[in-house]
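Have a look at the structure below, then the notes.
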Amino acid sequence: MKQTTLWARMLRLTAILALTVTSAANARLPVFEALDSASGHPTRFAQCPQFFVDGKPPAIPASPKLRELCYEAFAILHSGETRTPVYVAQRLNRQTIEDADEKRATKFFADARLPRGERAELEDYKRSGYSRGHMAPAGDMPTPTAMAQSFSLANMVPQDIQHNGGAWAKIEQDTRRYIRRAKGDVFVITGPVFTPESPRIGNNGVGVPAYLFKLVYDQHDNRAWAHWQENREGERVGRPITYEELVKRTGVEFLPRLVVSQLN
DNA sequence: CGGCGGGCAATG
DNA sequence: CATTGCCCGCCG
């Protein structure tokens with residue numbers, strides 16, 4: 001008898017703990033609440049044009065489950081269909097990289113700004129065999145708030161564990177190394193690519209991308225290139241592809257045409 | 001080789 | 001939640 005009582009207590013405690021966890025995670029991110037209450041709806045890119053070249057976000061065909069989310073140091077176009085980002089945009093420069101020395105705060109959380117029917121939950125990734133792979137990397141974040149926000153699952157895709165810690169991590173570090181030596185702003189857009197055969201994980205069916213890309217545009221030098229990686233173990237860092245090739249493969253024009261016409 | 005940076009899971 | 005220990009790959 002005593003044992004069942006103990007079990008009941010522990011279960012209750014666990015439930016309370018889970019609730020506390022959720023609210024505490026959100027409470028620690030006051031920026032989210034401020035943006036939400038101010039607008040009354042999920043944030044729009046109009047509120048954070050600074051992350052896009054000439055303030056112009058890439059045009060994506062309309063879809064009911066696409067949502068635009070602004071964060072302190074990046075912006076996300078999120079898909080409620082795959083429950084992942086479509087792309088994540090950043091504007092970086094030497095200064096932001098020098099500021100990116102925050103201690104890594106590994107606290108992943110489901111993004112409360114997204115409806116439950118559209119977002120990934122921690123449970124979806126747990127024991128899925130895939131890691132939670134940042135699109136905007138934690139290592140890029142210039143402030144503690146930005147660091148915390150980067151752990152939103154809205155910024156994640158299910159990524160092969162070896163790829164995430166291997167070739168992909170190297171690409172992230174190479175990109176930071178490049179920006180550290182850049183003369184002006186560098187715009188980076190990172191995202192997943194799915195195929196009809198792409199698997200899904202968890203009760204919510206979070207999409208597992210077949211490929212990941214990272215587009216880098218150096219505004220000062222008018223140069224752009226992209227890394228294109230298969231989301232698999234054993235993938236190596238290859239030679240970057242051209243912007244045109246990226247557009248061909250994704251069907252998305254990420255940069256304003258005027259800018260593209262002037263690329264070196 | 002050790003340090004670092006990308007993660008994971010178990011425990012209180 | 002926080003803490004801890006662990007894995008792995010890359011780099012100097």
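Chain letters run A, B, ... following the sequence lines, proteins first, then strands; residues in each count from 1.
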> Roughly how many Å is it from CD in Q159(A) to P in dG9(C), rounded to a whole number?
Replying inline: 14 Å
>> dG6(B), OP1 or OP2 - any side-chain N/O from R176(A) closer than 4.0 Å?
In response: yes
>> Would you compute the distance between atom OH of Y178(A) and atom CD1 of I97(A) and round it to the nearest 0.5 angstrom?
In response: 12.5 Å
> What's the CD1-P distance between I201(A) and dC8(B), to the nearest Å?
Replying inline: 10 Å
> How would you label the contact of Q173(A) with the nucleic acid (heavy atoms, under 4.0 Å): base, sugar-phosphate, or nothing?
Replying inline: sugar-phosphate
> Hey, is the side chain of K170(A) poking within less than 4.0 Å of OP1 or OP2 on dC11(C), counting only N and O atoms?
Replying inline: yes
> Over how many whole Å does the gap from E233(A) atom CD to dG6(B) atom C1' extend?
Replying inline: 15 Å
>> Without decimals, in angstroms, what is the distance between R236(A) CZ and dG9(C) C1'?
In response: 11 Å
> In terms of ring plane angle, is the pair F45(A) and F52(A) parallel, tilted or perpendicular, where the classes change at 30° and 60°?
Replying inline: tilted
> Side chain of E172(A): nearest nucleotide among dG6(B), dG12(C), dC8(B)?
Replying inline: dG6(B)
> With sugar-phosphate meaning primed atoms plus P, OP1 and OP2, does Y130(A) contact a base, only sugar-phosphate, or nothing at under 4.0 Å between heavy atoms?
Replying inline: sugar-phosphate
> Roughly, in whole Å, what's the span from CZ in F108(A) to C1' in dA9(B)?
Replying inline: 13 Å
> Given dA9(B), dG6(B), dG9(C), which nucleotide is nearest the side-chain atoms of Q162(A)?
Replying inline: dG9(C)
> Taking atom CZ of R94(A) as the centre, does the number of heavy atoms from other residues, nucleotides or ligands within less than 6.0 Å exceed 12?
Replying inline: no
> Roughly, in whole Å, what's the span from CG in D160(A) to P in dC8(C)?
Replying inline: 13 Å
>> From the set dA9(B), dG6(B), dC1(C), return the single nucleotide nearest to any side-chain atom of N164(A).
In response: dG6(B)
> Y211(A) and W228(A): aromatic ring centres closer than 6.0 Å?
Replying inline: yes
>> I need the H134(A) NE2 to N155(A) CG distance, nearest 0.5 Å.
In response: 6.0 Å
>> Using the side-chain heavy atoms of K107(A), tell me which of these nucleotides is nearest: dA9(B), dA2(C), dC8(B).
In response: dA2(C)
